[in-house]
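Taking it in order: structure first as structure tokens, then the write-up.
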Amino acid sequence: MPPVEQESGFWYNATCILSHHTRSICMRMSHVFSRTLREAPSAADSKGYEYLLRAGFIQQLGAGIFSILPLGLRSIRKIENIIREEMDAIGGQEMLMPVVNPADIWKETGRYFSIDKEMSRFQDRVGRDMVLAMTHEECVTDVSRTQIDSYKRLPQLVYQLQTKWRDDPRPRAGLIRVREFTMKDSYSFDRDVEGLEKQYKAHYSAYFRIFGRCALPSIAVGSDSGMMGGKVAHEYMYLSPIGEDTIITCPSCGYTANRQVAVFKKTHVKEAPQSLVEKHTPACKSIEDLAAFLSIPKTQTAKALFMVGTFVDSTTGEEREQLIVGVIRGDMEIEENKLQNAAHANALRPAHVDEIKAAGMEPGFGSPIGAKKGIMVIVDDSVAEASNLVAGANKEDYHLLNTNFGRDYTGEVADIASAAGGYLCATCGGLLEQSKGVEVGNIFQLGTRYSQSMGCYFQDEDGVRKPVIMGSYGIGVGRLLACLAEEYHDEQGLKLPISTAPYQVHLVSLVKEAEVGERIYNQLQEAGIEVLYDDRKESAGVKFADADLIGVPIRLTVGNRSLKEGKVEVKLRSNLGETLSFAMDDLVVEVKAQLDKLQQGIDSSIHFAELA
RNA sequence: CGGGGCGUUGCCUAGUGGCUAAGGCGCUUGCUUUGGGAGCAAGAAAUCGGAGGUUCGAGUCCUCUCGCCCCGACCA
């Protein structure tokens, strides 16, 4: 390689980059790349999103595709560094895996076939199948099957902060649900289940420290393992009305779960079966109508939900559709996620009317009784354990009285009921509550799902080749920022906590002469404090409004009012009503003390949760 | 993918088929102002998302298309 000449642009640029880098903890408002917006863009549907746009943290490029602007990136970097520190603390090693994957490894695990359009595919110039990785289990398993060959190389934990692309059918709510996003994903490798559980527990606690240090309120809930194919899983939820997930919690015993898997206590009364009776029930298409018409409680009825499941052969990729009938007691709803799991289907969609009729059933008056063979029947235990329920007769305007599972029809019994607030806790019998939440992180015990299908084996002490036991753990970085913006704002704008705000101090100079402001700016900068300095020739109102909007935690105002007394005005963004004052001579010390105080406020509220 | 809505300057909006597409914010220049989005004056900035069509005449009506948003389906 030829030596680089001193005069070349490379050296010149490198010098610039270095000198710039050393000063990059501070910024002048007159140089900030983005600008603030006085009005909310029409796309902003939540306050957090609105202020991220108005403060110039992000800009939308397309549906679910955002640019992160310099201010936003500073917050993102702080979040990422907190994540790095906590992942390093539990033994994680950072690495980086490619966004573009050859499809081959995805075919090995079968997910090339089982994942629908959410994964984008293309062919390279030679015609090879490629995918945009929406997660990295395949890639990391490929890496570890060459790196890990012996129990001596276990356990391991690697992680990355990398772009993911998921072609979500409906991106929404700003950074909450996007198609391209940065995710921290870590992957654990162990020789046995005990090792996996240890790493899982380490993540469980590390995640609380991460969200705690970001000052994002969060709870861990039991969750569905979905397409990850594992068994044990938790999701970390930021509870908020803007959330799309429904969380079921029990205030009495602390049970929490995503509604997709939440269980609850069902009560049934077993009676002696009575004989079937066909009953004319004109226009009783809904359970409400039926119960009213017959003057019986809804608990004495059974209703059917008709879905078509897609089943994919994970080795050949061949798809097959099958009609699934879910049966549940009339007073409850079917949780489709549970139904899909019970059916072991890759996907579910509502059945068309003709599909239902073709199977010998009648929509509105349907039940598995007398249906044609070959359909999958999944019956909730609420129905299987009950007696003499009223169910559809598969004939328009007719129902059957006294139907009994086992006698009149059969099928697989499973819990497919949707939990809701007001139901009874399965653990302690207390009243369940429900709330909305945003999933900001998740942890999965994968087991050997990937190592087995991809041949990631190690040789154990006993000389036997065994599949590596894996775990997978994710945190959505941009989503975390979006949640923080949602949690920390008021009518004036953002007020992110000190640990994730783009700068620590917002210095507003209101005096004509630049000297005082410049001097303070340099002082703070030399003390290693991250300052955003409003040096613009703008009116006080504009500067204050922008400071409120961007929401840097500590605001220093240099104005003639306090300057005369040798003082600088101080406001905390979290409490604009109160004005403090620092003596000019003690400014750096006072600011540092205030920073410590803010940081301690966050540190002291972190709860060190452990998984039992 | 189904249902609905919206595309007019950087942002927010107005605009009966009829004159040179209007206003606010922002931007530029000058002067004034300087403790909560200040004032005066003068400017720049729009192929009205795109393509067809109807018409003497289309931002406005019709067809197609693209994009974005919302509800649902969907989703680690």
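Every chain is numbered from 1 and lettered A, B, ... according to where its sequence line falls, protein lines coming before strand lines.
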Polar side chain donor-acceptor pair, A/Q199 to A/D190, under 3.5 angstrom: yes
Pair A/E569-A/T579, side-chain donor/acceptor within less than 3.5 Å: no
Touch class at under 4.0 angstrom, heavy-atom based, for A/G476 against every strand present: nothing
Atom-pair distance (CD on A/E50; P on B/C69), nearest Å: 16 Å
Whether A/Y473 and A/Y200 hold their rings parallel, tilted or perpendicular, with breakpoints at 30° and 60°: tilted
Output field: ring centroids A/F208/A/Y204 closer than 6.0 Å: yes
Integer-rounded Å distance: B/C75 C1' and A/K164 NZ: 16 Å
Sugar-phosphate only, base, or nothing, as touched by A/R479 at under 4.0 Å among non-hydrogen atoms: nothing
Phosphate-side-chain proximity, A/R38 and B/G26, N/O vs OP1/OP2 below 4.0 Å: yes
Sugar-phosphate only, base, or nothing, as touched by A/G474 at under 4.0 Å among non-hydrogen atoms: nothing
Candidate nucleotides B/G37, B/C69, B/G35, ranked by approach to the side chain of A/Q60 - the nearest: B/C69
Polar atom pairs (N or O), protein with nucleotides 71-74 of chain B, under 3.5 Å:
residue	atom	partner	partner atom	Å
B/C71	OP2	A/R170	NH2	2.1
B/C71	O5'	A/R170	NH2	3.4
B/G72	N7	A/R170	NE	3.4
B/C74	OP1	A/E336	OE1	3.4
B/C74	O2	A/R177	NH2	2.8
B/C74	N3	A/R177	NH2	3.2

side-chain contact (heavy atoms from CB on, under 4.5 Å) partners of A/E244, counting only residues at least two apart: A/R172, A/R177
Letter per nucleotide, 5' to 3', of nucleotides 4-12 of chain B [B base touched, S only sugar-phosphate touched, - untouched; heavy atoms, 4.0 Å]: ------BSS
Modelled atom types, side-chain donor and acceptor of A/E487 and A/S240, under 3.5 Å: no
Nearest listed nucleotide, side chain of A/S562, among B/C69, B/G37, B/G35: B/G35
Heavy-atom donor-acceptor pair, A/R111 side chain to A/W106 backbone, under 3.5 Å: no
